[in-house]
Amino acid sequence: MKNLLITGGAGFIGSNYVHHVLEAHPDYRAVVYDKLTYAGNLNNLADVSDHPAYRFVHGDITDRAGVERAIQEHDIDTIVNFAAETHVDRSILNPDAFIQTDVYGTYVLLEAARKFGLERYHQISTDEVYGHIPAGHSSLETDPVAPRSPYAASKTSGDLMVLAYRVTYNLPVTITRGSNNIGPYQYPEKVVPLFVTNALEGKRLPVYGDGRQMRDYQWVGDHCEAIDIVLHAGELGEIYNIGTGQEMENLRMVEILLDELGASRDLIQHVEDRPGHDRRYSLKIDKVRGLGWQPRHDPEAAIRKTVRWYVANEWWWQPIKSGEFREYYERMYGSRKVL
Ligand code: NAD
Ligand code: TYD
């Protein structure tokens, strides 16, 4: 394993993973293959753009010829697939791109991995495939999938295709299912960067419904380390959950965030809930711990560190929030009922 095709590497987690690979494996090459949708951003990779082991290819994972060309030109032996449409709220407005990229795109990559006999295909997946998890239970990798949003259903379909390629073609695959990531370079449609930047702009923080939904907020760097460990030490055909193993209510996340900013809790505004909102995600992470990994940050430390990054890096998020984002925000929140 030496020449990685990191699909979706210009997005949030993918770009953090590229940084990790270039540091942890000086003898590897990191080739990013990315469509640069609204969520892809070359500013995320600006500090490695001259790195001799880094290359960027502008391409779509649903384009079979483009994927095959990139594999051949860069002598790729491993695909790590981060490329996806990723926002639940957008999937509710328009699921089409989710089916195209998260389902069909995964199939195109699997076919290419098979055709060129790659050493490994690794799929980045999510805890959302397990659906809403009632109190008292935490998801095991062997639990049945029960996705409830178009985003979660498209990611689940991708996972099932990956597992089918293992069984049918003996493709060397692995899957990781991460909980909510936070940290540098996350597009500010996701809750933590949205709320930090809104607060910095003096805007209200739109908390969906009662705000008592629970998520496991993990530091993106921890997630990237775990992905890399699974890539090197994980068993073929296996799934590994990755998170802190500790979930908290959104309202608690918001309080920590506002406290770290020194901002008033009056900024909280409860608004109409997301349709089909999963109340709770919770992961058991013993299996990935068994590979020698453990999270370096608990959710509170991850939230505080994330807040500080956005405070220090206005250059990164200001241009995003003044662009296409404004239209999106108006569409998503403009006519939302205030509770
Ligand atoms: P992101 O939206 O920040 O980035 C997605 C990247 O994929 C962007 O660079 C985009 O340009 C690229 N992309 C989209 N469609 C493409 C296509 N057709 N061809 C090539 N590139 C394309 O997403 P993220 O938050 O970094 O998530 C990365 C992966 O991790 C996704 O598969 C997501 O499902 C998974 N995941 C995310 C989280 C989270 O909390 N963000 C948690 C668990 C799993
Ligand atoms: P999000 O970052 O969209 O991730 P996901 O839905 O994939 O877990 O949302 C995280 C949580 O925050 C989720 O419970 C929904 C909630 N949320 C809000 O309360 N307000 C918002 O404006 C957003 C975007 C999310």
Side-chain angles (χ1 to χ4, degrees), residues 6-17 32-42 44-45 57-63 66-67 70 80-92 97-98 100-102 104-106 108-109 123-129 149 151-152 154-156 158-159 175-183 185-195 198 204-218 220 223-224 227 241-243 247 249-251 253-254 268-274 276-281 283 329 332-333 336:
I6 304 177
T7 52
F12 163 47
I13 309 176
S15 63
N16 278 279
Y17 183 68
V32 169
Y33 183 92
D34 198 295
K35 185 180 175 182
L36 297 180
T37 66
Y38 75 94
N41 184 347
L42 289 177
N44 302 0
L45 295 162
V57 180
H58 189 196
D60 187 327
I61 62 165
T62 67
D63 170 14
V67 168
V80 186
N81 179 31
F82 293 89
E85 290 292 334
T86 61
H87 193 37
V88 174
D89 291 326
R90 288 192 196 245
S91 84
I92 293 168
F98 289 74
Q100 281 302 321
T101 292
D102 305 12
Y104 184 74
T106 297
V108 168
L109 294 176
Q123 177 79 348
I124 307 297
S125 185
T126 164
D127 60 1
E128 306 201 18
V129 301
S149 72
Y151 164 66
S154 72
K155 291 298 292 183
T156 307
D159 284 12
I175 296 176
T176 46
R177 290 180 174 158
S179 66
N180 289 62
N181 282 226
I182 54 175
Y185 308 125
Q186 186 169 31
Y187 193 83
E189 67 193 350
K190 305 287 178 0
V191 72
V192 171
L194 177 70
F195 282 8
N198 270 14
R204 311 296 297 269
L205 315 189
V207 170
Y208 293 165
D210 63 4
R212 310 291 295 266
Q213 310 85 5
M214 302 189 84
R215 295 291 184 270
D216 172 349
Y217 291 101
Q218 68 170 324
V220 64
H223 184 209
C224 289
I227 290 167
N241 290 340
I242 305 176
E247 55 283 352
E249 289 187 349
N250 284 333
L251 272 180
M253 172 273 289
V254 177
I268 295 173
Q269 182 172 56
H270 289 268
V271 298
E272 192 182 342
D273 207 348
R274 168 189 283 174
H277 196 165
D278 287 336
R279 290 291 286 181
R280 179 172 176 268
Y281 299 137
L283 288 179
Y329 199 76
M332 189 61 70
Y333 297 93
R336 208 166 190 125

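Basis for what follows: all heavy atoms, side chains included, without hydrogens, waters or symmetry-related copies. In each ligand, atom 1 is the first atom listed, and ligand 1 is the first ligand listed. Remember, it's a predicted structure, so these values are computed and weren't measured experimentally.
- Judged by distance alone, with hydrogens and angles left aside, the side-chain atoms of Asn81 form no donor-acceptor pair with the main-chain N or O of Gln123 at under 3.5 Å.
- For atom 20 (N) of ligand 2, the nearest non-hydrogen atom of the protein is Pro206 O, 2.8 Å.
- Note: no N/O pair closer than 3.5 Å links Tyr281 and ligand 2 by distance alone.
- Between Asp89 and ligand 2, a contact under 3.5 Å exists for no N or O pair.
- His58 places no side-chain N or O within 3.5 Å of a backbone atom of Tyr33 that could act as its donor or acceptor partner.
- Listed by atom number, the atoms of ligand 2 under 4.0 Å from Val207 heavy atoms are 19 (O).
- In terms of protein heavy-atom proximity, atom 19 (O) of ligand 2 is nearest to Tyr208 N, 2.9 Å.
- On a distance-only criterion, Gln213 and ligand 2 share no N/O pair closer than 3.5 Å.
- With a heavy-atom cut-off of 4.0 Å, Val271 does not touch ligand 2 at all.
- Formation of a donor-acceptor pair under 3.5 Å by the Asn44 side chain with backbone atoms of Ala10 is found in this model.
- Protein heavy atom in closest approach to atom 13 (C) of ligand 2: His277 NE2, 3.4 Å.
- Put simply, the side chain of Glu85 never gets that close to the backbone of Arg90: no donor and acceptor are under 3.5 Å apart.
- Counting heavy atoms from C-beta outward, Gln218 and Asn181 have side chains that approach closer than 4.5 Å.
- Remark: the backbone N or O of Ser179 is not paired with any side-chain donor or acceptor of Thr126 at under 3.5 angstrom.
- Near ligand 1, residues Gly8, Ala10, Gly11, Phe12, Ile13, Asp34, Lys35, Leu36, Thr37, Ala39, Gly40, Gly59, Asp60, Ile61, Phe82, Ala83, Ala84, Thr86, Thr101, Ile124, Ser125, Thr126, Tyr151, Lys155, Gly178, Ser179, Asn180, Asn181, Gln186 each place a heavy atom inside the 4.0 Å sphere around the ligand atoms.
- Judged by distance alone, with hydrogens and angles left aside, the side-chain atoms of Asn16 form no donor-acceptor pair with the main-chain N or O of Val220 at under 3.5 Å.
- When each atom of ligand 2 is checked for a heavy atom of Leu194 under 4.0 Å away, the hits are 22 (O).
- For atom 5 (P) of ligand 2, the closest non-hydrogen atom of the protein is Glu128 OE2, 3.4 Å.
- Contact between Tyr217 and ligand 2 is present, with at least one heavy atom of the residue lying under 4.0 Å from the ligand.
- Looking at ligand 2, you'll find an N or O of Val191 within less than 3.5 Å of one of its N or O atoms.
- In this structure a side-chain-to-backbone donor-acceptor pair under 3.5 Å is missing from Thr101 to Phe98.
- The distance criterion of under 3.5 Å between nitrogen or oxygen atoms is met by Asn250 with respect to ligand 2.
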